[in-house]
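Start at 1 and go down the list; that is how both ligands and their atoms are numbered.
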Amino acid sequence: MSSILNADLHCHSVVSDGTLTPEQLAARASANGVELWALTDHDEIGGQQRAFAAARANGMKYLTGTEISVTFAGETVHIVGLGFDASDPRMAQGLQRTRGGRGQRALEMADGLARVGITGAYEGALKFVGNPELISRTHFARFLVESGACHDTHEVFRKYLTEGKPGFVPHRWASLADAVGWITQCGGVAVIAHPGRYNFTANEEYALFTEFKAHGGRAVEVVTGSHTAAEYVEYAGVAREFGLAASRGSDFHSPDESRIDLGTLPYLPGELTPVWDLLTDRIR
Ligand code: AMP
Ligand code: MN
Ligand code: MN
Ligand code: MN
């Protein structure tokens, strides 16, 4: 297939921290012209069957997906998995372990917020949670907007939920080796999500790409809702330098919160190998 394909291979439903159901996302993606779609909920594959059925009902091709939280060099990095066998128990077990710490972390986040006068945040965040195993910072952010503490979720993250702020709790996620291993053992392709978003030094970023490749990772997001146009160019260069295929995905979470809608990003630069060319036998 060519790089001129409306593929959207990164978004979130109520199964993680999105606000739409898999069916609503599929209808929206299709209405926006998406031809190849993947639902990539954080650390979860509970929406995959519904997403596949809804993709088919809307005339879209589908790849299985997830976005795994990883700790690398003391920072959280996201690794997207595409085209894996969602019925393989190794993926389900790995993700379940990764989700395990979220409940306790959320209680500690609420303690931190209570110390600066924001009470009831745990219960408040829970009201926005679709999947009790997947309480995330996003759900706290929605509660703080609802309660009037901030105008929008970006302000919440800036003031309360990022490193050094009262509601931030450092957390240890999966290792890079584990996440890439689960994806590739289950027949999928591992993709470094939105590399432009990490606060790495040049050396740390080089280490991330080098170790990712050594573990069997094969692609990187180049055109994503998290990148500027300059970063499309920058990471197209990095993809070429490391011999990685390129992916494209909006990272859509919600009509009210997401700047970039499903299926509306520019196409991948033509000189790159699209990640879907590595997955032709996994597209359903
Ligand atoms: P968690 O997995 O609980 O640490 O939550 C991470 C999620 O928070 C990401 O997947 C984004 O959806 C969201 N997020 C992270 N940083 C920001 C930000 N600066 N503004 C808005 N949402 C953010
Ligand atoms: Mn998210
Ligand atoms: Mn992410
Ligand atoms: Mn995402």
- prompt: Taking the Mn ion (ligand 3) as the center, what protein N, O or S atoms are found at less than 2.8 Å?
  reply: Glu67 OE2, His78 ND1, His194 NE2
- request: Apply the side chain to side chain contact (heavy atoms under 4.5 Å, CB included) test between Ser13 and each candidate in Thr19, Leu39, Leu20, Thr21; give the one that qualifies.
  value: Leu39
message: Under the criterion side chain to side chain contact (heavy atoms under 4.5 Å, CB included), I'd like the reasoning laid out for Ile135 against Phe140: C-alpha separation, chi angles, the key distance, then a yes or no.
response: CA-CA 8 Å; Ile135 183 162; Phe140 280 85; 4.0 Å; yes
field: salt bridge (Lys or Arg N to Asp or Glu O under 4.0 Å) assessment of Arg197 paired with Asp251
entry: CA-CA 12 Å; Arg197 245 172 63 182; Asp251 207 356; 3.7 Å; yes
What's the shortest distance from [atom] to any protein heavy atom, and which residue and atom give it?
atom                    : result
atom 6 (C) of ligand 1  : Arg137 NH2, 3.7 Å
atom 15 (C) of ligand 1 : Phe157 CE2, 3.3 Å
atom 20 (N) of ligand 1 : His154 ND1, 3.1 Å

- prompt: His42 to ligand 1: N or O pair under 3.5 Å?
  reply: yes
query: Taking C-beta and beyond as the side chain, do Arg240 and Leu272 meet within less than 4.5 Å on heavy atoms?
result: yes
task: Could you check if a side-chain atom of Phe212 sits within less than 4.5 angstrom of a side-chain atom of Val220, using non-hydrogen atoms only?
output: no
query: Under 4.0 Å from ligand 1, counting heavy atoms only, is it the side chain of Glu67, its backbone, both or neither?
result: neither
field: Region of Asp17 engaging ligand 1 - heavy atom pairs below 4.0 Å
entry: side chain
Looking at [X], which atoms of ligand 1 are within less than 4.0 Å of one of its heavy atoms?
X      : answer
Ser136 : 3 (O)
Thr138 : 7 (C), 8 (O), 12 (O), 13 (C)
Arg102 : 1 (P), 2 (O), 3 (O)
Arg105 : 1 (P), 3 (O), 4 (O)

- prompt: By atom name, which N, O or S atom of Asp17 is the nearest to the Mn ion (ligand 2)?
  reply: OD2
message: Would the distance check show the side chain of Glu231 and the main-chain N or O of Thr228 forming a donor-acceptor pair, the cut-off being under 3.5 Å?
response: yes
message: Test your reading of the model: is there a side-chain donor-acceptor pair from Glu221 to the backbone of His194, 3.5 Å cut-off?
response: yes
- prompt: Could you state the interatomic distance from NE2 (His215) to CG (Leu176), rounded to the nearest 0.5 Å?
  reply: 4.5 Å
task: Measure the spacing between NE2 of His10 and OG of Ser247 and express it to the nearest 0.5 Å.
output: 9.5 Å
field: Tyr235-Phe242 aromatic ring centre distance below 6.0 Å
entry: no
- prompt: Taking both backbone and side chain into account, is any N, O or S atom of His12 nearer than 2.8 Å to the Mn ion (ligand 2)?
  reply: no
message: How about CD on Glu163, more than 12 heavy atoms from neighbouring residues, nucleotides or ligands closer than 6.0 Å, or not?
response: no
- prompt: Is it the case that more than 12 heavy atoms not belonging to Lys165 sit under 6.0 Å from its NZ atom?
  reply: yes
